[in-house]
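We name chains A, B, ... by the order of the sequence lines, and we start the count at 1 in each one. Only this structure's heavy atoms are used, side chains among them; waters, hydrogens and symmetry mates stay out.
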There are 2 protein chains.
Amino acid sequence: MPPKPKTKLAREQFRTLIIDNARDLFVSKGVEAVTMREIAKRIGYSATSIYLHFADKEALLRAICDTDFLKLATTLKEILSIPDPIQRLIAFGEGYAKFALAFPNHYRLMFMTPHLPYNAECSGLQQNNAEQDAYFQLKTVVQDVYEAGGFKTDLHDADLIAQTVWAGMHGVCALQIIMAEDDWVQWRPIDVRLTMMQQLLLSGLLKEKYE
Amino acid sequence: MPPKPKTKLAREQFRTLIIDNARDLFVSKGVEAVTMREIAKRIGYSATSIYLHFADKEALLRAICDTDFLKLATTLKEILSIPDPIQRLIAFGEGYAKFALAFPNHYRLMFMTPHLPYNAECSGLQQNNAEQDAYFQLKTVVQDVYEAGGFKTDLHDADLIAQTVWAGMHGVCALQIIMAEDDWVQWRPIDVRLTMMQQLLLSGLLKEKYE
DNA sequence: AACGAAAATTAACAGTGTTAACTTAACGGT
DNA sequence: ACCGTTAAGTTAACACTGTTAATTTTCGTT
């Protein structure tokens, strides 16, 4: 009932109020099961007022993902200070998996749910920024190992290595998130599967003396 | 307009008619974007007639997944006839990825979309059946390599190896399906990523003389 | 020919995301 | 102190969704 011309800051606060509450609901009930009206009721506004800040439900979802991508990059950033490049790579993989399994529903939104491709203008996240881009962080860590001479001599494509390491860790986490409850497969403990994957990848990538 | 008391066979035919058309639509437009009315119109019936054969949309989806799991197992079965166990393992991974990328939306339904855990009664699929259970097939292939002495001497858990190989291939395919269009990452070609993953896994698993 | 049951249909319901039309409140200029 | 202008927020409404209830159509059997 009380419309006030809001300052830039108040607008931003309302935006994050929507984002935070929408995320809570999405994460606990799944995206499709949550209605705009439900989100609105939770913050004491009308459903249509959300549309004053987000074009549609998809845009809201993307905004949530954006903040979560940032959160992931922030979480992983401290790992970059580990001095030894190989230890850094190992810890990076562990940190990534830890994030995925600690926030499985965030992770599902970020990496397992189809949405419109990244759009530089409407995102707010900066690509190739070590503070905001977790893939860039990974690529840097891989590059460091390469420059330290850690990889086998026939490996030269840091992007390819990064993408493969990522895929390996993602595969373990994604199957865990989707199929952990399913007893069609007699799953080995998740931490065992994670270290197995990591050892396999490293033993394929690193020179023998580093294994 | 013409209702006839149907024989058991005609009922089954109608069921698969629904399944096949629903799958086509799900696969080309995504599950959420397809309506029951649309499926019905496509086969020339009214929306409600679908409910005479399936409890709801979720049940229809599950039925589709069931037939797709069977299709995957059938597709992979011929690979099992390759004589050399290691070549068999390699071809199995390739065949799996080929299926995933040829039918990305089937694959998404099967392995990337959360649904109720497998239920033995309502499924119709037989676990540990080499004709119907692709995971069982993979485990068998891994077991064969193990018994042929192909793996490194400290590897003894066939389930763990199978689950890790699966996760590796799944990771590459899943990221491809979800993020191929996204230019946040400068993706290497998908076939390069797949062979890279496979080589990495194999070089970590196999004795050196087999690489 | 008439009945009963199966098969299919139409009508309707409670919700959904979203848009249009309308209200309220705060500000700037006179 | 007043009056527009404008932004913020609301309610009403639309087209559509999955799904259920009520209704019609058709057929095999008596």
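Going from atom NZ of B/K41 over to atom C1' of D/dC16 covers 13 Å, rounded to whole Å. Remark: C1' of C/dG17 and CD1 of A/I50 are 11 Å apart, rounded to the nearest angstrom. In this structure, B/H53 places its NE2 atom 13 Å from P of C/dA6, rounding to the nearest Å. Atom CZ in A/R37 sits about 14 Å away from atom P in D/dA13, given to the nearest Å. Per the geometry, CD belonging to A/E32 stands 12 Å off P belonging to D/dG18, to the nearest Å. In this structure, CG of B/L17 is placed 11 Å from P of C/dA8, rounded to the nearest angstrom. Per the geometry, CG belonging to A/L52 stands 10 Å off C1' belonging to D/dT10, to the nearest Å. Taking atom CZ of B/R15 as the reference point, atom P of C/dA8 lies 15 Å away to the nearest angstrom.
Comparing C/dT18, D/dT19, D/dT10 by their closest approach to the side chain of A/S46 singles out D/dT10. Distance from the side chain of B/T48 is smallest to C/dT9 among C/dT9, C/dT19, C/dG17. Side-chain proximity of B/Y51 to the nucleotides C/dT16, C/dA8, D/dT20 is greatest for D/dT20. Nearest to the side chain of B/Y45, among C/dA8, D/dG18, C/dT19, sits C/dA8. The side chain of B/A47 lies closest to D/dT19 when the candidates are D/dG9, C/dG17, D/dT19.
Annotation: side chain of B/Q198 is in contact with side chain of B/E94 (closest heavy-atom distance under 4.5 Å).
Put simply, A/R11 has a side-chain N or O that comes within less than 4.0 Å of OP1 or OP2 on D/dA8. Phosphate proximity of C/dT9 to B/S49: present, with a side-chain N or O under 4.0 Å from OP1 or OP2.
Note that CG of A/L200 is 7.5 Å distant from CG of B/L155, once rounded to the nearest 0.5 Å.
Between A/F69 and B/W184, the angle of the ring planes stays under 30°, which puts this pair in the parallel group of the 30/60° scheme.
Of the residues listed (B/Y135, B/Y96, B/Y107), the one engaging B/H170 in a ring pair (Phe, Tyr, Trp, His ring centres under 6.0 Å) is B/Y107, and it is the only one.
When each of B/F14 and A/A55 is assigned the nucleotide of DNA chain C bearing its nearest heavy atom, the one mapping closer to the 5' terminus is B/F14.
Within 6.0 Å of the NZ atom in B/K71, the count of heavy atoms belonging to other residues, nucleotides or ligands exceeds 12.
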